[in-house]
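Remarks on the structure that follows.
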Number of protein chains: 2
Amino acid sequence: MTTEPQIERNSAEQTRLALVRAALDLFGRKGFEGSSTREIAALAEANIGSIAYHFGGKEGLRTACAEYIVSTLSAVSGQVLGSAPDPSDLSPAEAHALLKRMIETMLGFLVGQARSRDFVQFILRELANPSAALDAVYDRLFEPLHRRLCRIWQAATGEDADSDASKLAIFTLIGQIVYFRIGREAVQRRMDWTNITDVELKALTASVTANLDAMLAARTPPPTKPKES
Amino acid sequence: MTTEPQIERNSAEQTRLALVRAALDLFGRKGFEGSSTREIAALAEANIGSIAYHFGGKEGLRTACAEYIVSTLSAVSGQVLGSAPDPSDLSPAEAHALLKRMIETMLGFLVGQARSRDFVQFILRELANPSAALDAVYDRLFEPLHRRLCRIWQAATGEDADSDASKLAIFTLIGQIVYFRIGREAVQRRMDWTNITDVELKALTASVTANLDAMLAARTPPPTKPKES
DNA sequence: GTCTATAAACAGATAGAC
DNA sequence: GTCTATCTGTTTATAGAC
């Protein structure tokens with residue numbers, strides 16, 4: 001009998017990527033300590049020894065996951081922000097519209113995309129127990145994105161992008177969006193939703209967007225035009 | 001040599017409580033699977049065997065944690081809501097003020113109190129991987145609280161408490177508050193805060209409260225009085 | 001690079017002394 | 001009720017065949 005053990009895989013990178021994807025899945029669902037390397041290897045359809053070979057060990061796999069998240073999410077946020085002009089050139093109305101698009105994109109990805117679940121859970125755990133992996137996520141993804149949003153906020157409201165009030169306002173927006181992912185189970189139960197499809201996603205987006213509108217309206221009273229500074 | 005092994009503890013309940021507290025701490029920080037019964041027993045200064053005796057096993061300890069959280073948090077939320085009258089008797093202004101107080105209380109507990117960290121982390125993990133423990137937390141704590149808030153929302157805005165819009169609006173408020181706990185590490189880094197004391201807590205409260213004001217203002221335009229129905 | 005075998009440490013559960 | 005000893009299975013990491 002002939003054995004055909006290898007299905008002609010362009011071995012190296014493919015195995016590596018499969019391991020990262022599988023690890024992300026399991027780390028997200030059961031936590032780092034709760035996931036065994038055997039499980040990960042089995043899910044990736046790879047060998048147990050390959051983890052040691054490619055990443056040096058379980059810990060190396062964790063940092064590889066962080067890097068994977070950073071590059072993937074950077075691409076997603078860049079998809080919206082990258083095409084946009086420099087925030088300081090935006091009119092208030094344009095900035096408002098851009099923030100709206102940002103909310104839609106983030107909600108669409110976080111709530112709509114299944115794989116985002118693992119990302120968010122992974123980051124959440126790192127956030128709760130800061131490790132070296134968190135530094136990469138914060139420095140290369142979170143901070144740049146938040147800083148960018150603050151500048152758009154400034155264009156929309158006139159508030160200084162570096163003020164505490166602006167930074168916190170952006171955080172409250174992010175909080176609303178992120179909560180719909182992490183609290184998803186509670187939301188679905190309370191709303192009697194068996195799943196979150198496009199219809200439900202639209203309702204979520206409408207809710208957060210309405211809040212954005214209200215926040216901006218409160219800062220730019222419509223009837224009397226604010227004093228020009 | 002005389003041995004003094006027992007320091008006159010009123011054994012039973014005290015050991016039990018110490019185990020739950022220790023478990024909550026470790027489950028919150030390292031996850032259920034990531035925490036060993038030996039660690040828990042050591043932190044509680046109890047014996048390893050006591051876990052099996054009091055809770056039947058590790059899984060029993062998890063549900064005991066859920067029950068502890070429910071009773072503790074119910075007490076906290078009841079401290080605010082319990083004293084308040086029936087929501088349907090509230091004027092819009094009173095409802096507005098009550099929501100404000102609720103925000104202050106929740107932020108004060110979630111962000112201000114150190115022990116809330118374990119609670120939130122525990123619930124978060126259950127939320128990510130629904131187990132029997134989540135049912136208790138949802139049914140006896142989360143749902144009643146959310147329902148109550150929706151009725152206050154109705155009193156403040158006139159919107160039906162059972163409408164999707166009202167429920168989601170409350171979720172966006174909760175999301176802002178909860179995020180300041182779970183994203184605390186990121187918030188501190190971005191704000192350059194070494195810690196969150198009363199001063200920083202005030203800033204957080206002001207930010208969320210301003211959003212509440214804006215949300216309500218958007219629903220009750222000030223100049224033209226809304227059509228009386 | 002992939003895979004197997006194995007080592008050394010650790011897990012949760014249990015039985016039984018006190 | 002508390003504590004110890006021990007059983008059984010699983011963990012990560014490693015050494016080495018292919």
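The model shown is predicted, which means the values in this text are computed figures rather than measured ones. Heavy atoms only: backbone and side chains are in, while hydrogens, waters and symmetry mates are out. Residue numbering restarts at 1 for every chain, and letters A, B, ... go by the order of the sequence lines.
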Look up atom CD1 in Ile196(A) and atom CZ in Arg181(A), then write down how far apart they are to the nearest 0.5 Å. 8.0 Å
Between Gly49(B) and Ile48(A), who's closer to the 5' end of DNA chain C by nearest nucleotide? Ile48(A)
Here the distance between atom P of dT10(D) and atom CD1 of Ile40(A), to the nearest Å, is 17 Å
Between CD1 of Ile51(B) and C1' of dT2(D) the distance, given in whole Å, is 13 Å
Any idea which of dG1(D), dT14(D), dG1(C) is nearest the Ala52(A) side chain? dT14(D)
Listed nucleotide nearest any side-chain atom of Thr37(B), set dT2(C), dG1(C), dG12(C): dG12(C)
Nearest to the side chain of Thr15(B), which nucleotide is it out of dT2(D), dG1(C), dG12(C)? dT2(D)
In whole Å, what is the span from the NZ atom of Lys58(B) to the C1' atom of dT14(C)? 17 Å
Could you state the CZ-P distance from Phe32(A) to dT11(D), rounded to the nearest angstrom? 14 Å
So Ser50(B), base contact, sugar-phosphate only, or nothing? Heavy-atom distance under 4.0 Å. nothing
Treating Gln154(A) as the side-chain partner and Ala161(A) as the backbone partner, does any N or O pair qualify as donor plus acceptor under 3.5 Å? yes
Can you measure Phe55(B) atom CZ to dT14(C) atom P for me and round it to whole angstrom units? 16 Å
OP1 or OP2 of dC10(C) under 4.0 Å from side-chain N/O of Ser36(B): no
Please state how far atom CZ in Arg38(B) lies from atom P in dT11(D), giving the value in whole angstrom units. 16 Å
Are OP1 or OP2 of dT4(D) and a side-chain N or O of Asn47(B) less than 4.0 angstrom apart? yes
Check this for me: does any side-chain nitrogen of one of Lys100(B) and Glu104(B) sit under 4.0 Å from a carboxylate oxygen of the other? no
In whole angstroms, how far is the P atom of dA11(C) from the CD atom of Glu39(B)? 7 Å
Options dT14(C), dG12(C), dT2(D), nucleotide nearest the side-chain atoms of His54(B): dT2(D)
Strictly distance-based, threshold 3.5 Å: is any side-chain N or O of Arg117(A) a donor or acceptor partner for the main-chain N or O of Ala128(B)? yes
Spacing between Glu45(B) atom CD and dC3(D) atom C1', to the nearest angstrom: 15 Å
What is the ring orientation for Phe171(A) with His146(A), classed by angle as parallel under 30°, tilted 30 to 60°, or perpendicular over 60°? tilted
